[in-house]
Structures are given as C-alpha cells and as structure tokens.
K.L.:
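First the structure, which I've put down as structure tokens, then a few questions once you've had a look.
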Amino acid sequence: MASAPTPDDAAAERRPAVTRKVTRHRGEGQWAMGHFTPLNANEQSKKDDDGLNVRTRIETIYAHRGFDSIDPADLRGRMRWWGLYTQRKPGIDGGKTAILEPHELDDEYFMLRIRIDGGRLTTAQLRAIGEVSATYARGSADITDRQNIQLHWIRIEDVPAIWQKLEAVGLSTTEACGDCPRVIIGSPVAGIAEDEIIDGSWAVDEIHERYIGNKEFSNLPRKFKTAVSGSPVQDVVHEINDIAFVGVVHPEHGPGFDVWVGGGLSTNPRLAERLGAWVPLEQVPDVWAGVVGIFRDYGYRRLRTRARLKFLMADWGPAKFRQVLEDDYLKTPLIDGPAPAEPSTRWRDHVGVHPQKDGRFYVGFSPKVGRVDGTTLAAIADAAAAHGSDRLRTTVEQKMIVLDVEGDRVDSLVAALEALDLQVRPSSFRRGTIACTGIEYCKLAIVETKGRGQDLIADLEKRLPDFDQPISININGCPNACARVQTGDIGLKGQLVLNADGEQVEGFQVHLGGTLGFQAGFGRKIRGHKVTADELPDYVERVLRRFDQERTED
Ligand code: SF4
C-alpha cells in the first residue's frame with residue numbers, strides 16, 4: 001500500500017504546540033501527549049495512508065479491475081472517507097452478525113452516502129440523485145436522519161461515473177463517512193423561516209469550503225458530527241452532536257450562537273454540554289476548527305470505543321474544554337452568553353405548510369421512515385419545479401421540504417405530493433417514526449427495521465385513528481443507535497429475544513420516555529422490557545393507549 005504517513009510533517013506543523021499538562025490519561029493514545037504510535041488496527045490504517053487518498057485508487061485501479069482488486073484495508077476502512085461502505089450480503093440472519101468474519105458479511109455492492117450539508121438541495125441536484133439511483137442503485141434511496149441521502153447496490157465499476165454526475169451539480173460524497181468531519185447538519189428552514197433567530201447558512205458553507213476534504217482534519221480519532229441551527233424550533237438534534245451552534249440573542253451583542261460540545265449516542269450516550277459562550281456568525285468556522293483541533297490532538301485513540309469527543313468532554317468538563325479552546329487554539333477569549341430558550345414547538349420536523357419571511361410558504365412532507373426511490377425523487381423535483389420552486393431541504397427526521405411556494409399554489413403542490421404518497425398532513429405515527437438502515441443492508445444489524453417501520457405505521461394508523469399527539473418511535477437494528485434509540489418517546493433497539501415458545505427471534509429492547517428539546521433526556525431502559533418483532537404493534541398500541549388515557553396537559 002502506498003503510504004503517506006499520518007500524521008505527516010505538514011499536519012504536525014499545523015498542530016499547536018501543546019504546553020498544557022495532562023496527567024490522567026497518558027495511556028489514551030492522545031497525539032497531544034506524544035502518542036503517535038498507532039495503538040489499534042484502525043489507527044494503523046489511518047497512519048498507513050490518509051483516507052482521502054483512496055479516491056485515486058478507486059478511479060485508476062478498482063473501478064477498472066473490479067471488486068476483487070480492492071485492498072482489504074481500503075475496502076473496510078478508507079473507502080468510507082468517500083461515502084462507501086460494503087453492504088450486507090443478503091440472507092444472513094442477525095444471529096450471525098457477531099459471529100462471522102467481516103469478509104463473510106461483505107457483499108460486492110456498496111452503500112453510497114451523499115452528503116447534503118444543511119440539507120439543502122436544488123431541483124437539479126435532486127433530479128441528479130434520482131437519476132443516479134435509477135441508473136446505478138436499483139432505484140434505492142433513503143433519506144437519513146442526518147439529512148443525507150443513501151443509495152444501495154452500487155458497483156465499484158460505476159463509482160467514478162456516479163461522482164461525475166453528482167459533482168456536476170455541486171454534490172459530493174467527500175467525508176460522508178470515516179473518521180473525519182461528517183455532513184454539517186443545518187436548520188432545514190435556514191434563511192427562510194418567519195421566526196428565525198439567525199441564519200447559519202454562511203457558517204455551514206464556510207466550514208465546508210475551508211475544511212471538508214482537507215487533510216488538516218482527515219485523521220480524527222473517530223467521526224465528528226456538526227449541527228448549526230438558528231431556528232427557535234431547534235431542529236438539528238443539537239444535544240447529540242460533537243459540536244452544535246444553537247441560535248440565541250445576546251442581550252448586548254444581538255443574534256448569534258450558543259456553543260454545545262460533546263454529545264453522542266451509541267452504547268455510551270451523552271448529551272452535549274454548553275461551553276457558556278456566545279459566538280457571532282463570522283466566528284463560527286474558527287470555533288468549529290478549534291474544537292475539531294482539540295478532538296484531533298487530545299481525542300482518545302487507544303480504544304475505538306472511547307474515541308468519540310464525548311469521552312474527552314466527560315473527563316475535562318466544559319470549563320476546562322473552553323479554557324483549552326481559548327488559550328491554545330483560538331488565542332482569544334470567547335464572549336459569555338445565555339442559554340437558548342426551550343424549543344418553540346414539540347414537532348421539529350417542519351412537516352405541513354408554514355409561512356416564510358418573504359410572504360411565500362414552505363411545505364414539509366413525510367415519506368415513510370425516509371424510504372423513497374429514484375423515480376420518486378425525480379417526481380418530487382418535477383412537482384417542486386412545476387410549482388415555481390427550485391429549492392428543497394432534507395430534515396433530521398427523515399422528511400423533506402419544498403421551499404418558496406406562492407400561496408395560491410400551495411394546495412396544488414400538496415395534492416401533487418400526496419399523489420406520490422408523500423403526506424403533508426400525516427398521522428402522528430408516520431410523522432414521528434424513524435428507522436435506521438437495518439438488516440437489509442447493514443453489516444452490524446441484528447434485525448429488520450425499514451420494512452418493519454412502514455408496517456408499524458400502517459398498523460397504528462388503523463388501530464389508533466384518532467391519536468394526534470406528537471410521538472417519536474425510533475427503530476434501530478442494533479445497539480449503535482443510528483436512529484437515536486435513546487431519544488425517542490419509544491426507542492427500539494434491535495436484538496434477538498425469546499418468544500413464548502422459548503425460540504430466539506428478532507425483537508427489541510424498549511427504551512421509554514426519551515426526548516430532545518423540552519427537558520432533553522434519555523429514555524429509560526427497563527430491565528427485561530423486550531418485545532418480539534411480531535408483538536411490536538400490540539405493544540406500541542398498549543403504551544400509546546395508556547399514555548393517551550393518563551397523560552396530563554402538556
Ligand atoms: Fe446499522 Fe445498527 Fe446503525 Fe442500524 S443502528 S444502521 S443496524 S449500525
């Protein structure tokens with residue numbers, strides 16, 4: 001394997017001289033403590049070659065010679081830096097997930113994640129994704145809960161042509177996965193919503209322009225998640241990102257952002273903490289780079305299970321984190337600032353018809369658990385264009401929005417979307433249910449999720465036709481929490497469970513009462529509170545009936 005050692009000399013030069021004495025975690029593999037010798041296979045792979053370099057090999061070697069020519073270290077590591085994961089071989093049940101070797105689970109096809117920073121799309125971009133889906137991905141397309149769109153069934157031979165089509169319309173897959181800065185999620189109504197505190201779009205673009213695909217931050221201890229929202233709705237799940245900028249009005253300085261650091265879910269969930277700092281729009285990219293720099297330099301690289309920023313934050317706390325950020329990275333103090341108010345509404349997905357500040361309207365609509373297809377994406381683009389709109393957005397609730405619709409064309413657009421089974425006035429169940437990829441494609445999955453989520457929605461709509469409360473049902477195929485199991489009103493974590501006959505079958509560990517926004521907190525995992533997949537509709541119905549009977553106002 002060609003190697004450009006990482007950290008290389010240039011990266012070492014960019015790294016700040018570290019003078020702060022840290023005594024507790026000398027064994028955590030922190031670069032800032034002089035631990036440059038890789039302490040696990042992932043770190044070794046990143047040191048052997050930067051993930052970004054794999055693109056050249058895909059274009060010049062692998063796409064011509066086929067799947068079998070791919071270096072295993074690229075296949076299961078570096079290709080992620082370009083949004084590519086091998087998908088799960090069909091027909092392998094969840095009981096084998098933890099038993100089989102990675103190569104036994106690998107299919108010859110890939111999942112391709114297209115990053116959509118800020119969730120912003122033009123109709124031309126949406127059409128291009130639809131065409132790529134139809135031509136190269138067997139029509140597959142899922143809107144993710146981080147505003148991306150994922151395609152499946154991708155052949156390595158087609159990847160260069162796909163990049164060409166996407167990049168021709170300004171889209172990319174750069175650092176869509178891997179140990180690097182992932183998609184920057186942003187308020188899907190940035191710049192247009194009537195009630196906006198501040199538009200963070202400039203910061204999203206600037207961070208992307210300066211740092212995405214830049215080797216300064218292409219070797220982080222693990223993934224790094226960013227969120228920016230100036231909406232009072234707080235529509236970017238800021239509590240569970242590595243860094244988040246949340247719109248607030250400072251009493252002296254005006255609109256800006258409150259900084260949150262160190263959130264994340266998976267098997268050790270942790271809510272982000274406020275640094276207590278107010279940041280003006282123009283300072284957001286520098287503060288972002290400072291926090292990523294801390295993660296790169298001080299993040300724990302010894303154990304992959306402790307390599308997220310939340311573990312460093314747990315050990316340092318927000319006061320020390322802010323001090324290191326100010327002293328060693330920004331070289332200037334930050335301004336103290338207020339906490340954001342609680343979100344102005346419980347639904348944060350922007351589904352429905354809402355006024356824009358320019359007098360036009362935006363129309364949010366709901367597919368089921370984010371699942372669409374290439375033909376539908378093209379039809380959405382056509383419907384938007386036919387109603388005078390060139391702009392769309394994806395949301396972190398696996399929904400979409402058409403922007404810039406004149407008042408007299410709203411009803412016609414709503415009808416066009418609903419004809420595609422994309423509901424603007426969905427049931428609470430369709431609106432509030434999200435699902436991760438699951439066993440259909442994901443190699444880590446234990447159970448099926450997307451199909452089960454679609455069936456559950458249909459079932460609940462029949463059983464509880466009058467239920468109208470905001471509700472979130474988050475369906476996950478394994479403990480990794482990609483669909484935010486701990487933050488759903490009803491969080492479902494896929495695992496094998498025993499049925500009444502004592503047989504192992506697909507099912508879920510239930511978490512109840514999680515939420516983000518109002519009084520954010522994780523759901524409670526009650527010991528033994530597990531349901532088989534077959535029992536799921538009965539179980540959810542029982543919980544919701546009881547909730548509806550016994551809930552108090554608000
Ligand atoms: Fe795969 Fe598990 Fe993430 Fe679902 S939660 S997408 S099954 S890793």
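Just the heavy atoms: all of them, side chains too, but no hydrogens, waters or symmetry mates, feed the values below. Since the model is a prediction, treat every value here as computed from it, not as a measurement. In listed order, ligands and their atoms are each counted from 1.
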K.L.:
Which atoms from ligand 1 have a heavy atom of A481 less than 4.0 Å away?
P.N.:
5 (S)
K.L.:
Just need the protein heavy atom nearest to atom 4 (Fe) of ligand 1, so name the residue and atom and give the distance.
P.N.:
C436 SG, 2.3 Å
K.L.:
Any carboxylate oxygen within less than 4.0 angstrom of a Lys/Arg side-chain nitrogen, looking at R371 and D142?
P.N.:
yes
K.L.:
Any salt bridge linking D107 with R88? Criterion: basic side-chain nitrogen under 4.0 Å from a carboxylate oxygen.
P.N.:
no
K.L.:
Using a strict cut-off of 4.0 Å, indicate which atoms of ligand 1 neighbour a heavy atom of G477.
P.N.:
4 (Fe), 7 (S)
K.L.:
Using the ring of Y109 (Phe, Tyr or Trp, six-membered ring only), decide whether R138 places NZ or CZ under 6.0 Å from its centre and within 45 degrees of its axis.
P.N.:
yes
K.L.:
With a heavy-atom distance limit of 4.0 Å, tell me whether C442 approaches ligand 1 through its side chain, its backbone, both, or neither.
P.N.:
side chain
K.L.:
Is C482 close enough to atom 2 (Fe) of ligand 1 that one of its N, O or S atoms comes in under 2.8 Å?
P.N.:
no
K.L.:
Determine, for K46 against D179, whether the closest basic-nitrogen to carboxylate-oxygen distance falls under 4.0 angstrom.
P.N.:
yes
K.L.:
Nearest protein heavy atom to atom 2 (Fe) of ligand 1, by residue and atom, and its distance?
P.N.:
C478 SG, 2.3 Å
K.L.:
Determine whether Y300 and F311 satisfy the following criterion, ring-ring contact (aromatic ring centres under 6.0 Å, His included), listing intermediate values before the conclusion.
P.N.:
CA-CA 8 Å; Y300 302 157; F311 294 98; 7.4 Å; no
